[in-house]
Amino acid sequence: MQILTLLRERFAVALAELIADPQLRASSLERIVPSREPQMADYQANIAMPLAKPLGKPPLEIAKEIVAKLQLDDICESVTVAGAGYINLRLSPAWMAAQLQSAASDERIGVGGTASPKIYVIDYSSPNVAKPMHVGHIRSTVIGDAIANVLRFLGHRVITDNHLGDWGTQFGMIIYGYKHFRDPAAYAQRPVAELSRLYRYVQSIIAYEDAVAAVPKLEAQIVQAAQRVDLARKKQEAAPEDKKASKELQAAKNGLRNSEDELASNQAKIAECKANPEFMADATQHAGINEAVLAETAALHRGDKENMKLWHEFVPHCLDEIHAVYQRLGIQFDHEYGESYYHDLLSAVVEELFAKSLAVQSNGAICVFLEGFDAPMIVRKQDGAYLYATTDIATALFREREFEPDACLYVVDHRQSEHFNKLFAVLKQIGLTHTEFKHVSFGTVLGTDGKPFKTRSGTTVGLEPLLDEAVERAWAVVCDPNRLQGAGIDMDDAEKRHVAETVGIGAIKYADLSHNRTSNYVFDMDKMVQLEGNTSAYIQYSYARTQSILRKAAVQGWTEDRWQSSSLQLREPIEIALGLQLMRFEEALEQSMQEYLPNVITEYLFETARMFSSFFDQCPVLKADSESVGLSRLQLTALVGRTLKTGLKLLGIGVVDRM
RNA sequence: GCCCCAGUAGCUCAGUUGGAUAGAGCGCGGCUUUCCUAAAGCUGAGGUCACAGGUUCGAAUCCUGUCUGGGGUACCA
């Protein structure tokens, strides 16, 4: 149900006689919006005020003229002019009831879908397969999945592709680790655990070497910074009133402190390593490990027999592990062309860029220089190796041939926005101008300390233990025996497990989706498994209550066929408000996809659940004053349930019939 | 240095692309269970929308400048 579309059609007829300029008419129609002031209106048209100048009349007069020409008798209960010239529309409850009734008998609860279906390719999740998945992967995965679901539901063709990092430097680390540090028994028993141990171990040696190498540089930096502070202080003392001098002094002090902090943390890291003689023995023996790792990676990319064999051995293990996580999250992809899939295409891509004179040689690397960017996009390194950027170009070209998309969405961390800006500029130059490329960026996942989660800092939370913890906490709250008894619910263990899993996983997904994706997001386990407030549990709980009413209704003889064939009526204010909210489901979905913001949907669902709770309190269903009122409310209840369930499902979150 | 993003209630965040008196959740105070799940509902306190100018019928939203924080910035992904 697209109320806005309908209203705009009616307004278009009225405005046609008043406004000659078609552009002005179009912009006026866009000023018809859902009202922010529910006491005043359901929808409002803020048309008259900006027309005052072009039409040379006072806004109130214009508003009245528009209202006089409007034909809205069937839809609206009242159309009034207020304030500076707002046209306020109040929908007619009878009309709303009729619309809801037809939504109730519709499989898609009245969501008609888009008039202009498009083909979307959505690139999301995209973890590095050899590293254990961690909390940082959840945003891309969950947001991308939600966007894919919603676009599909709205009638678009959606192709999802998990662009796995299965070809990068991390494989050099694992191969090197496997050759020198492996524990055959552990590998035989749990290959992925052993591989990730090797990955972390090699990385820790690299980190140690980096720290050692950084010390002299930092010491030099500190000397310089101290000089800068002295200089700035003298300047500031000479001119205490000079704001710039004070600022410079402050900046110099900060610089010095940063360098000192960094040196201290490096030294702490080194000391920690030195306290471990076994580690030091390996570190000494494998000095220069970074170069050795790069050599292993390069050998793999050259097709070295041994390394290829290992790669083919490792990858399936890694994929099994990742797929287990996806299965638990309920997420599937149409395709999983990893980076390795494009490897053989890369040299041709670079040659083509070169042939078209788009790419040039610079400092031994092959680069595409772009207007508006300081640094070029490097597509081949000095040493001849290809990069992320090269693969991305090859991937875009492949998708273009394979799927002919109207739009490609990349659901990736905002820190890569410059990379994507460059990529899209290159793609445009290559000639992919008819496809819309969009970086659906999202804020960094931060720890409670406000710093980004890092794969290199051994403290990273693995994704699986995280899910386990959420489920465990959900169990403790939802399956508390006292609570269940109070609610009159008798559950066996299997059902409890299912409920805890649904609520726990839902909590993690919802916490992520309910934030505006563009802002940074503090991952706080304590908060997200709070099962009250704006959380998935609150909505799931509301759904369970709708189902509970429907179950009890059937027991007292109000079966589905009876309330389905009864007439739906909106009488009480809360019923009308709830009815309007239900009619706006499609509006919320459409709006959410305007800028691909899933939090628009979480807000809608939360608001719907809240309204249902009010309705639940104020309007008895099973004990309504009359049977016709009861049956009508039962229809409304069922529609609430279906809307909540559908909405959550689009977000990748499940429901249970009782909890 | 340059570029990008953010700054809204004690805390965590929304704010429908410029609309009317800026909203939720948590926390804090009060009220409501003979009634369909009280994980609920109702209600109160709490704000210089970082700061200063500007644009216009109208600004948290757009422009300019300043402050604060985060990110990026030639061979990582």
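By convention in this document, chain letters (A, B, ...) are assigned in the order of the sequence lines, proteins followed by strands, and residues within each chain are numbered from 1.
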Quiz prompt | Distance-only polar pair, side chains of A:Thr80 and A:Arg90, donor-acceptor under 3.5 Å | solution = no
Quiz item: Looking only at side chains, do A:Asn599 and A:Ser514 share a donor and an acceptor under 3.5 Å apart?
Solution: no
Quiz item: Is the shortest side-chain N/O distance from A:Asn421 to OP1 or OP2 of B:C3 below 4.0 Å?
Solution: no
Quiz item: A:Ser362 near the nucleic acid: base, sugar-phosphate alone, or nothing, with a heavy-atom cut-off under 4.0 Å?
Solution: base
Quiz prompt | A:Ala638 backbone acceptor or donor facing A:Thr546 side chain under 3.5 Å | solution = no
Quiz prompt | Centroid distance under 5.5 Å and plane angle under 30°, A:Phe616 vs B:G41 | solution = no
Exercise. Determine the contact category for A:Gln594: base if any of its heavy atoms lies under 4.0 Å from a base atom, sugar-phosphate if only primed atoms, P, OP1 or OP2 are that close, otherwise nothing.
Key: nothing
Quiz item: Looking only at side chains, do A:Asn534 and A:Tyr510 share a donor and an acceptor under 3.5 Å apart?
Solution: yes
Quiz item: Between the base of B:A20 and the side chain of A:Gln44, is there a donor-acceptor distance below 3.5 Å?
Solution: yes
Exercise. Go along nucleotides 22-28 of chain B 5' to 3' and tag each nucleotide: B for a protein heavy atom under 4.0 Å from its base, S when only backbone or sugar atoms are that close, - otherwise.
Key: --SSSS-
Practice problem: Would you state whether a donor and an acceptor, one from the side chain of A:Asp617 and one from the base of B:A38, lie under 3.5 Å apart? | Solution: no
Quiz prompt | A:Tyr538 side-chain N/O to B:G41 phosphate OP1/OP2 under 4.0 Å | solution = yes
Exercise. May I ask you to verify if any side-chain N or O of A:Ser614 is less than 4.0 angstrom from the OP1 or OP2 atom of B:C42?
Key: yes
Quiz item: Checking all strands, does A:Ala544 fall into the base, sugar-phosphate, or nothing category for heavy-atom contacts under 4.0 angstrom?
Solution: base
Quiz prompt | Distance flag, aromatic centroids of A:Phe424 and A:His439, threshold under 6.0 Å | solution = no
Quiz item: Under 4.0 angstrom, heavy atoms only, what part of the nucleic acid is A:Met377 near: base, sugar-phosphate, or nothing?
Solution: nothing
Quiz item: NA contact type, A:Ala365, heavy-atom cut-off 4.0 Å: base, sugar-phosphate, or nothing?
Solution: base
Self-check item: Side-chain N,O (A:Asn516) to OP1/OP2 (B:G15) below 4.0 Å
Solution: yes
Quiz item: Which part of the nucleic acid, if any, lies within reach of A:Pro59 when heavy atoms closer than 4.0 Å are counted: base, sugar-phosphate only, or nothing?
Solution: nothing
Quiz item: Would you say B:A14 has OP1 or OP2 under 4.0 Å from some side-chain N or O of A:Ser519?
Solution: yes
Quiz prompt | Distance-only side-chain donor-acceptor flag, A:Ser125 / A:Thr141, under 3.5 Å | solution = yes
